[in-house]
Amino acid sequence: MITRKSRDEIKRMRHAGHIVALVHKKMREVIEPGISTKELDSIAMQIIKENKAIPTFLGYHGFPGCICASINEEIVHGIPSENVILKEGDIIAVDVGATYGGMVGDSAWSYAVGKISEEKALLMKATEESLFAGIEKMRAGNILDDISGAIEDVANSYKMGIVRQYGGHGVGHSMHEDPFLFNFRVGDKTPIKSGMVIAIEPMLNLGCDDVKVLDDEWTVVTKDGKPSAHFEHTVLATDDEPVLLTTLME
Ligand code: MG
Ligand code: MG
């Protein structure tokens, strides 16, 4: 069932999203060669707790971190570890959720570690651009396939692979609510209505679409070992412009 959020629910989601944005602001500052993904996780945890929120990911289906840290060919669900140290030239996707007042904000961003290759930079540019193309379609009167199609078109224009098995989702009282949102056209005519909130999250690959899950049963990687990028915002549909809930509040 797709719910439409009340004014009060949206207020709390906006606050949760602000906290998520604070984490990303800090990630941008501290991500550099030599830092471990466990350290990134600890920093995120501290910010979430300082702001009286709950790390949504920690314990979710048993996930052991409060961020997902996915490097290079890792697409999503990378587990933070003291043994995973960032190196010059890596790209890392940090996905984080915060629950505030019972409501969830969910946002992911890919970051360059030091100087990266041109092809990785292009992958990140394409993925971020596809996210914003999707966000632009999050308007009452459109259908879900409008968002999916906008993402697909940008991915195709850059000749990037599109991860098929994972996608966006409704978000609110829990992290994953209806509807599921594909990052390519599937013909879903579900109408977008004001008050609907969806985490839009394209995952694009430099190579093929195919993915596999590692033996840790969490980390999803590209089958061909080529890099992947991931960008995500939690977005509210209104009768007017789409509203990003996972940015810093003024
Ligand atoms: Mg996320
Ligand atoms: Mg999400």
Side-chain angles (χ1 to χ4, degrees), residues 2-3 5 13-28 31 37 40-41 43-45 47-48 53-71 74-80 91-100 103-111 124 127-128 130-132 134-135 138 144 147-148 151 162-184 196-204 211 213 218-221 228-237 242-247:
I2 303 174
T3 61
K5 273 65 185 181
M13 291 188 81
R14 187 69 193 86
H15 201 102
H18 170 72
I19 295 164
V20 163
L22 284 174
V23 172
H24 280 297
K25 181 167 180 269
K26 192 68 180 178
M27 292 295 119
R28 193 173 294 284
I31 284 176
T37 55
L40 298 178
D41 189 66
I43 291 166
M45 170 76 97
I47 292 170
I48 292 169
I54 297 165
T56 315
F57 293 7
L58 187 63
Y60 187 83
H61 295 287
F63 188 77
C66 64
I67 62 168
C68 294
S70 309
I71 298 171
E74 297 172 356
I75 302 165
V76 285
H77 306 162
I79 298 172
I91 58 172
I92 176 172
V94 175
D95 194 352
V96 60
T99 306
Y100 180 86
M103 304 302 288
V104 176
D106 182 12
S107 172
W109 217 254
S110 291
Y111 298 95
M124 284 176 49
T127 313
E128 184 176 354
S130 74
L131 168 63
F132 283 94
I135 290 169
M138 181 68 179
L144 283 184
I147 303 175
S148 304
I151 292 169
I162 301 173
V163 173
R164 308 270 159 177
Q165 291 87 341
Y166 302 87
H169 51 91
V171 53
H173 289 275
S174 59
M175 182 158 60
H176 293 118
E177 298 184 349
D178 290 338
F180 183 80
L181 175 70
F182 289 89
N183 288 317
F184 54 96
M196 277 173 56
V197 180
I198 296 180
I200 301 176
E201 52 176 319
M203 289 147 257
L204 302 189
V211 310
V213 179
W218 278 107
T219 315
V220 183
V221 300
S228 184
H230 181 203
F231 288 83
E232 174 184 34
H233 267 308
T234 297
V235 188
L236 166 70
V243 177
L244 300 181
L245 299 181
T246 34
T247 55

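All residue numbers refer to positions in the sequence shown, counting from 1. Just the heavy atoms: all of them, side chains too, but no hydrogens, waters or symmetry mates, feed the values below. Order of appearance sets the numbers: ligands from 1, and atoms from 1 within every ligand.
- Taking backbone and side chain together, His176 holds no N, O or S atom under 2.8 Å from the Mg ion (ligand 2).
- By the criterion of a separation under 2.8 Å, the protein N/O/S atoms near the Mg ion (ligand 1) amount to Asp95 OD1, Asp95 OD2, Asp106 OD1, Glu232 OE1.
- Here the closest non-hydrogen pair linking Cys66 and Asp41 is N-OD1, 2.7 Å.
- Below 30°, between 30° and 60°, or above 60°: for Tyr100 and His15 the angle between ring planes is below 30°, a parallel geometry.
- The side-chain contact (heavy atoms from CB on, under 4.5 Å) test applied to Thr99 returns Ile54, Thr56, Val104, not counting sequence neighbours.
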Only pairs under 3.5 Å count here: list side-chain donor-acceptor contacts from residues 16-25, not counting sequence neighbours, and write none if there are none.
unit_1 : atom_1 : unit_2 : atom_2 : d
His18  : ND1    : Met249 : N      : 2.9
His24  : ND1    : Tyr111 : OH     : 2.7
His24  : NE2    : Ser107 : O      : 2.9

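- Taking the side chain as every heavy atom from C-beta outward, Met103 and Arg14 never approach each other to under 4.5 Å.
- The ring pair (Phe, Tyr, Trp, His ring centres under 6.0 Å) check on Phe184 picks up Phe182, with sequence neighbours excluded.
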